[in-house]
Amino acid sequence: MEPLTTALVLLVLVAPVLQWLVGRYRLSQIYDKIPGPRAYPFIGTLYLILGKTPEEIFQVITERTRRYDGIHRIWVGMTPEVRLSKAEYVEKVISSSKHIEKANLYRFLGDWLGEGLLTAKGERWFQHRKLITPTFHFTMLDGFCEVFAENASILVNQLRPHAGTGKPVNIYPFITTAALDIICETAMGVKVHAQTSDVEENAYVNAVYRLSALFMDRLVRPWLHPDWVFKRSALGRKQHELLQILHGYTRKVIQERKSALRASETDGSARATDGDSVGRRKRLAFLDLLLQSSTETDTTLTDEDVREEVDTFMFEGHDTTTAGMSWALFLLALHPEIQEQVHQEIDSIFGDSDRPATMHDLNEMKLLERCLKETLRLYPSVAFFGRTLSEDIELGGYNVPARTIIGIHSYNVHRDERFFPDAETFDPDRFLPENCEHRHPYAYIPFSAGPRNCIGQRFAMLEEKSLVSSVLRHYRIRSERTREQQLMVNELITRPKDGVLLYLEARR
């Protein structure tokens with residue numbers, strides 16, 4: 001090969017690499033003005049977490065975030081990200097209707113959730129949000145309260161053999177199965193009996209468990225982030241197998257509910273199915289409301305659109321509430337004086353009655369609601385979430401370009417001493433009306449905030465009130481571990497490592 005030809009071939013091969021290096025240098029000139037840990041070629045700042053356990057990773061990220069004044073940058077491999085932990089900076093991003101696109105890591109959920117409300121963007125998100133919002137109306141939530149109460153009663157019975165034994169019980173799996181029973185019935189209108197059957201034998205429930213864990217397994221392995229690598233990996237093949245189970249089940253339920261809806265329109269009734277007594281009106285599920293709303297508004301939703309929204313509700317609605325309820329019981333077990341006040345509040349509502357809690361009862365639980373809010377401050381179910389900037393923005397005196405991934409550390413936002421003095425102390429009175437009145441509106445964001453806030457936050461709070469109050473109606477609780485001993489794992493959801501160990505004593 002002649003020298004000129006060789007030189008041209010080399011130039012063709014080297015040019016893209018040189019172009020990439022120049023682009024990478026220009027990016028670093030912009031992003032490295034923002035303070036942050038030292039980054040190295042190709043791995044960026046990932047060296048800080050490689051080889052560490054999930055609880056160690058959470059600690060590294062938390063300490064790193066504290067080190068900087070509300071804003072810092074990292075490099076996830078060769079991708080720059082800007083992380084925020086100050087309310088003023090967070091507000092500039094999530095209060096705007098411009099920056100509603102989720103961060104890139106949410107694409108890992110794409111195969112499971114498609115373009116449901118969590119992952120959708122642009123006009124599709126606006127249309128679906130408008131369509132789904134009425135399904136969380138007060139009257140719909142009132143019907144869900146019956147489901148909460150029924151499953152709370154089962155939970156209390158499941159815990160009974162562990163009361164008064166002098167041995168601690170891990171309440172986390174009990175709360176998990178209760179939350180799964182609730183979300184399956186409220187989302188799809190089906191009973192899966194997770195609390196009273198072997199979860200391993202329930203293919204759908206087991207698949208939900210395993211797929212959630214698989215998502216985190218991929219997240220902490222940067223080499224599996226590219227789709228073409230992941231789909232050829234053992235984890236990718238396992239995900240495909242689990243999705244066949246999940247999507248098949250959801251599609252089957254959708255077809256059954258559509259048929260039932262057509263039948264009810266034909267005979268003018270909505271009779272019960274799924275084992276309800278003859279003549280009783282069927283309890284509407286999220287799926288039914290979605291199908292009805294689509295028909296009434298002439299909105300064209302395909303079966304796959306409906307499947308994606310139901311799967312999204314399933315995904316968002318069981319792990320988050322499980323964590324919130326478990327952390328709340330843990331904190332109340334550590335603070336017997338506050339727990340006693342909650343007992344008094346519950347007793348003032350129910351007396352000696354064993355009747356199920358109604359919407360009115362749950363609304364009367366003012367102290368318990370403050371306890372749950374303070375729990376979500378200390379242990380937000382989602383300690384970190386992300387956005388992608390749609391345009392350039394100035395944050396903390398730094399210019400941040402459009403398309404930058406923004407990471408928001410709600411765990412650290414909630415520990416800002418300006419708004420929460422002695423921030424590590426559990427103090428439900430922080431949420432008395434007079435103490436909230438002048439607080440920065442973005443200093444407390446357990447359900448995010450702005451136009452893309454969590455649509456199901458009212459649902460979550462009612463569910464948590466129902467189950468936690470039911471446990472406390474029947475038991476006094478004491479924790480085996482202290483705050484320092486109870487480690488956290490941030491696997492998308494802020495989970496207690498190795499569960500929550502509580503001693504139970506019957507109150508009556």
Side-chain angles (χ1 to χ4, degrees), residues 109 112-114 116-118 132 135-136 140-141 143-155 157-158 172-213 215 242-261 272-276 282-291 303 306-326 356 381 455-456 459-460 462-464 466-467 470 493:
L109 297 169
W112 183 359
L113 308 181
L117 207 56
L118 177 66
I132 293 170
T135 65
F136 291 94
M140 305 306 178
L141 292 174
F144 289 159
C145 285
E146 294 180 13
V147 182
F148 302 157
E150 289 169 7
N151 285 285
S153 178
I154 297 172
L155 171 64
N157 289 331
Q158 293 293 103
Y172 199 86
F174 291 91
I175 301 291
T176 298
T177 52
L180 272 167
D181 273 341
I182 286 171
I183 202 65
C184 285
E185 190 167 354
T186 55
M188 296 185 288
V190 295
K191 294 179 182 289
V192 297
H193 306 290
Q195 293 191 84
T196 54
S197 63
D198 187 343
V199 170
E200 290 295 326
E201 295 179 2
N202 189 313
Y204 179 79
V205 172
N206 193 35
V208 171
Y209 275 133
R210 296 174 68 186
L211 199 56
S212 298
F215 173 87
L242 294 171
L243 287 176
Q244 295 290 103
I245 297 170
L246 285 174
H247 290 169
Y249 186 83
T250 310
R251 288 170 183 141
K252 175 175 174 287
V253 172
I254 288 171
Q255 291 306 314
E256 290 174 351
R257 304 303 276 197
K258 285 180 73 174
S259 297
L261 183 62
T273 58
D274 298 321
D276 286 337
K282 178 175 66 66
R283 185 185 289 138
L284 289 175
F286 173 74
L287 170 56
D288 301 310
L289 299 169
L290 196 59
L291 292 171
D303 285 357
V306 174
R307 196 271 305 161
E308 289 169 359
E309 297 301 352
V310 172
D311 282 346
T312 296
F313 192 31
M314 284 292 307
F315 170 77
E316 291 195 276
H318 77 279
D319 263 359
T320 51
T321 55
T322 294
M325 290 183 280
S326 298
S381 296
I455 196 172
F459 173 98
L462 289 170
E463 178 186 352
E464 293 188 20
S466 185
L467 268 66
S470 291
I493 305 300

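Every value quoted in this text rests on a predicted model; they were computed, and no experiment measured them.
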(message) Quick check against the 3.5 Å criterion: does Arg257 have a side-chain atom that pairs as donor or acceptor with the backbone of Gly189?
(response) yes

(message) So, taking the atom named NZ in Lys258 and the one named CG in Asp288, what distance separates them when rounded to the nearest 0.5 Å?
(response) 12.5 Å

(request) Keeping the roles fixed (side chain from His318, backbone from Thr176), state whether a donor-acceptor pair exists under 3.5 Å. (result) no

(message) Once you measure the plane-to-plane angle for Phe313 and Phe286, does it fall in the parallel (<30°), tilted (30-60°) or perpendicular (>60°) bin?
(response) tilted

(request) First locate atom CZ of Phe315, then atom CG of Leu118, and finally report the distance between them rounded to the nearest 0.5 Å. (result) 6.5 Å

(request) State, with a plain yes or no, whether a side-chain heavy atom of Leu246 is found less than 4.5 Å away from one of Asp311. (result) no

(request) Would you give the length of the straight line joining atom CD of Glu185 to atom CG of Asp181, rounded to the nearest 0.5 angstrom? (result) 8.0 Å

(request) Please report the shortest heavy-atom distance between Ala152 and Ser466, naming the atom on each side. (result) CB-O, 4.1 Å

(message) Would the distance check show the side chain of Gln158 and the main-chain N or O of Gln195 forming a donor-acceptor pair, the cut-off being under 3.5 Å?
(response) yes

(request) Answer yes or no: is there a side-chain heavy-atom contact under 4.5 Å between Tyr204 and Val190? (result) no

(message) Using modelled atom types and a 3.5 Å cut-off, is there a donor and acceptor pairing between side-chain atoms of Ser153 and backbone atoms of Ala149?
(response) no

(message) How close do Ile493 and Ala323 get, counting heavy atoms only, and between which atoms?
(response) CG2-CB, 3.6 Å

(message) What's the separation between atom CG in Asp303 and atom CD in Glu308, rounded to the nearest 0.5 Å?
(response) 11.0 Å

(message) Taking the side chain as everything from C-beta on, heavy atoms only, tell me whether Leu467 gets closer than 4.5 Å to Ile182.
(response) yes

(request) Calculate, to the nearest 0.5 Å, the distance between atoms CE and CG belonging to Met314 and Leu287 respectively. (result) 12.0 Å

(request) Could you tell me whether the side chain of Phe144 reaches within less than 4.5 Å of the side chain of Leu462, counting heavy atoms only? (result) no

(request) State the OG1-CD1 distance between Thr321 and Ile183, to the nearest 0.5 angstrom. (result) 6.5 Å

(request) Indicate the atoms forming the closest heavy-atom contact of Ile245 with Ala207, along with that distance. (result) CG2-CB, 4.1 Å

